[in-house]
Protein chains: 2
Amino acid sequence: MSTPQQSAPRRATITDVAREAGTGKTSISRYLNGEMSVMSPELRARIEAAIARLNYQPNQMARGLKRGRNRLIGMLLADLTNPYTVEVLQGVEAACHALGLMPLICHAANEVEMERRYLQLLTTYRVEGVIVNALGVSEETLRPVGGSGIPAVMVDRQVEGLTADMVGLDNGAAAQLGVQHLLEQGFDDIWFVVQPFEQVSSRHLRQTSFRDAMGAQGRARGHTLVLDLADTDETARGLAELDRAIDSAADGKRGKDASTAHRIALFAANAPVALCLALHLKSRYGPDWQTRVALLSIDDPDWAELTGITTIRQPTYEIGYRAVEFLHERIEGVQTTVRDCLLPGELIVRASTSR
Amino acid sequence: MSTPQQSAPRRATITDVAREAGTGKTSISRYLNGEMSVMSPELRARIEAAIARLNYQPNQMARGLKRGRNRLIGMLLADLTNPYTVEVLQGVEAACHALGLMPLICHAANEVEMERRYLQLLTTYRVEGVIVNALGVSEETLRPVGGSGIPAVMVDRQVEGLTADMVGLDNGAAAQLGVQHLLEQGFDDIWFVVQPFEQVSSRHLRQTSFRDAMGAQGRARGHTLVLDLADTDETARGLAELDRAIDSAADGKRGKDASTAHRIALFAANAPVALCLALHLKSRYGPDWQTRVALLSIDDPDWAELTGITTIRQPTYEIGYRAVEFLHERIEGVQTTVRDCLLPGELIVRASTSR
DNA sequence: CTGTTAGCGCGTTCAA
DNA sequence: TTGAACGCGCTAACAG
């Protein structure tokens, strides 16, 4: 039959199909774009046959070049290691699927320099829009995007001076939810643990909201601990501080001074922080560490259920989905003012805080 | 300064730059491709200035169309929810970065139909090669790839009748490593738990190797349990079977019949299985489930350390890196026979199996 | 209803 | 040393 072409069996082009079907390229193009309404069934059949025979597949790049849109959108992710990110991604993919978009996923692995590179690259591939969940997003960093007039949607982050839609957790409500739960459970010494804010607005917001929520009541004491997970020494220092607090709480309980007895709880700003805390506590107090300290975290990773810690689950899937919808609207030219979409978190009570 | 361009500030093209620099497109193209050797410094300076002034960025799509290579490679992933996948991805990204490739990441979320769609899509975007870590990879499914002569590299999978390089864990050695450790620890009743094989050769291989390793010794008994995580009822049935085994082992210990007393261990074929088992055991036996059953798993997720289960860690980063290297060689035209790269796993002993 | 023509942004001859 | 012209695969006018 067909001579077994080796090396490079050059892919069939629209021209090949036209020749094979004995017609012009235009008709093929029309066929590809579903403009069947005005086309003789006979021609259509010939085209179909030719396409099948040649195993033809249109070249998206060429299409994109011509019509100025390639259906590609960029998705810049700071950290795929964080389950939150993967879950958001699920929503993004579903939405892209539904809207005929193709997400170009870029994973910066927590490196700001990498983020810059990818943003540059995306621009170069002429993506029609970008969804950004990055570490170092500043107006400056986003220059290649904003400057090029490429629509952008921020996830879990806001950048001042940048006019971009945003979708993420309602951090204020979430922090309150957590604090309220801990208070109800009778904890009177609450430590909020968060990574350095850097450009990540949600970290800042969660901390502020925590502080406000604590300020609004008189019973319990609130502290904030900034833990730089990227810096081992810094992390160790922070954890040591925590250890002291926990030990002193225990001293109180043992009756040294009943008036200072208090129940201590840790409130992690996100899953990576919570994991770090849990690992440390386990290594310090053994498998039964949970009897010493209560841990609550924003984000709801796999191991939360396994280890029984209370969490505030984010509506990750929906966050991703909405982000794409926003972006799609912008791509289609919607011009309304900047929108913020704040979705509520869900408190999932587990053993760690309800004893 | 710059007038705030609204609407669509059409991106500068090579033609714009040529005009701005008072020269022809050819010279710009030369400049972009680093052919500076033969170019008057004066012209070069003008070009540089023009590019900067226009904030010009070459259009990768157009370049690709012209020269037939767009530096895009496809990366088909069955399940980003599995930490293994994310880790492999890290290696892939690093290698791409080093080789000037851009990975197009496609996440099929465990849906075979989605895999087929993505493969088709990648073909359409004319990626230069594909790295495949999918569920339903059969010769048939890979048709769009293999048929088009696009080089492919399989990760953690082999497909018979398909000539593609492969890189992954040395499953035989890994299974042996696990069995040997469990035997040394004195377990005499070992259950290997794995998902339905489907098209995933590594699952089959791990099971076979387990069986062989058990067969090679006379002391302990080995069983295999197939757990279909995608089917709740099936999963429940499998877990119930496990429960019976565990209970009967406990009965033996209690002295009902000392001769049947045995120590039971679970050997999970991968992290998702291990997680399912751990969750079930915890809900059935409480937080102290580990005193009842030992759990060992291939893959080394976050929560393994936290929960103290023994694992066999895969060299994930290197797997990803090597995959890209293989692919790159193929893209560059290397024609050697099909290669299999089997990397060794590392046993990480934790409390669950060493008591 | 169908084919012809003219680019999309770029790289590559081939002259000048 | 430089630039003009052609074509990559495809779509969008504009005739026929």
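So that the names make sense, note that chain A is the first sequence line, chain B the second, and so on, each numbered from 1. In this text the structure is predicted, and so the values were computed from the model without any measurement.
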Does [X] use its side chain to pair, donor to acceptor, with the backbone of [Y] at less than 3.5 Å?
X       : Y        : result
B/Asn33 : B/Glu35  : no
B/Asp16 : B/Thr13  : yes
B/Glu87 : B/Thr316 : no
B/Asn70 : B/Tyr125 : yes

Practice task
Please assess B/Met75 against B/Leu104 for the test side-chain contact (heavy atoms from CB on, under 4.5 Å), listing each intermediate value before the final yes or no.
Solution key: CA-CA 6 Å; B/Met75 172 91 224; B/Leu104 245 170; over 6 Å; no

For nucleotides 12-16 of chain C, give me every protein contact, N/O to N/O, under 3.5 Å, one pair per line with atom names.
unit_1: C/dT12; atom_1: O4; unit_2: B/Thr26; atom_2: OG1; d: 3.2

Handout entry: Among B/Val324, B/Leu72, B/Val127, B/Val92, the one residue meeting side-chain contact (heavy atoms from CB on, under 4.5 Å) with B/Leu101
Key = B/Val324

Check the distance between [N]'s [atom2] and [X]'s [atom1] and give it to me in whole angstrom.
X        : N      : atom1 : atom2 : answer
B/Gln60  : C/dG11 : CD    : C1'   : 13 Å
B/Arg69  : C/dC10 : CZ    : C1'   : 16 Å
A/Arg126 : C/dG9  : CZ    : C1'   : 9 Å
B/Leu54  : C/dG9  : CG    : P     : 13 Å
B/Leu65  : C/dG11 : CG    : C1'   : 11 Å
B/Arg11  : C/dC10 : CZ    : P     : 10 Å

Fill in the blank from the handout: The salt bridge (charged side-chain N to carboxylate O under 4.0 Å, His left out) partners of A/Arg67 (sequence neighbours excluded) come to none

Problem - Heavy-atom contact window of chain A on DNA chain D, given 5' to 3' at under 4.0 Å - result: D/dG9 to D/dC14

Residues [X], [Y]: salt bridge by 4.0 Å N-O rule:
X        : Y        : value
A/Glu111 : A/Arg116 : no
B/Glu42  : B/Arg46  : yes
B/Arg330 : B/Glu325 : no

Exercise for the section: Validate the cation-pi geometry between A/Arg44 and A/Tyr31: distance from NZ or CZ to the six-membered ring centre under 6.0 Å, angle to the ring axis within 45°. Expected result: no

Problem - Any residue of residues 39-46 of chain A with a heavy atom less than 4.0 Å from an atom of DNA chain D - result: none

Exercise for the section: Give the angle between the helix axes at the two ends of the helix from C/dC1-D/dG16 to C/dA16-D/dT1, taking five base pairs at each end and rounding to 10°. Expected result: 40°

I'd like a table of donor-acceptor pairs (distance under 3.5 Å, sequence neighbours excluded) in which one partner is a side-chain atom from residues 149-157 of chain A, with atom names and distances.
unit_1: A/Asp156; atom_1: OD2; unit_2: A/Ser202; atom_2: OG; d: 3.0
unit_1: A/Arg157; atom_1: NH1; unit_2: A/Ala134; atom_2: O; d: 2.4

Practice task
Compare side-chain N and O positions of B/Arg63 against OP1 and OP2 of C/dG11 and report whether any pair is under 4.0 Å apart.
Solution key: yes

Exercise for the section: For A/Tyr31, report the nucleic acid contact type (base, sugar-phosphate, nothing); a contact means any heavy atom under 4.0 Å. Expected result: nothing

Problem - B/Val17 to B/Ile28 - nearest heavy-atom pair and separation - result: CG1-CD1, 3.7 Å

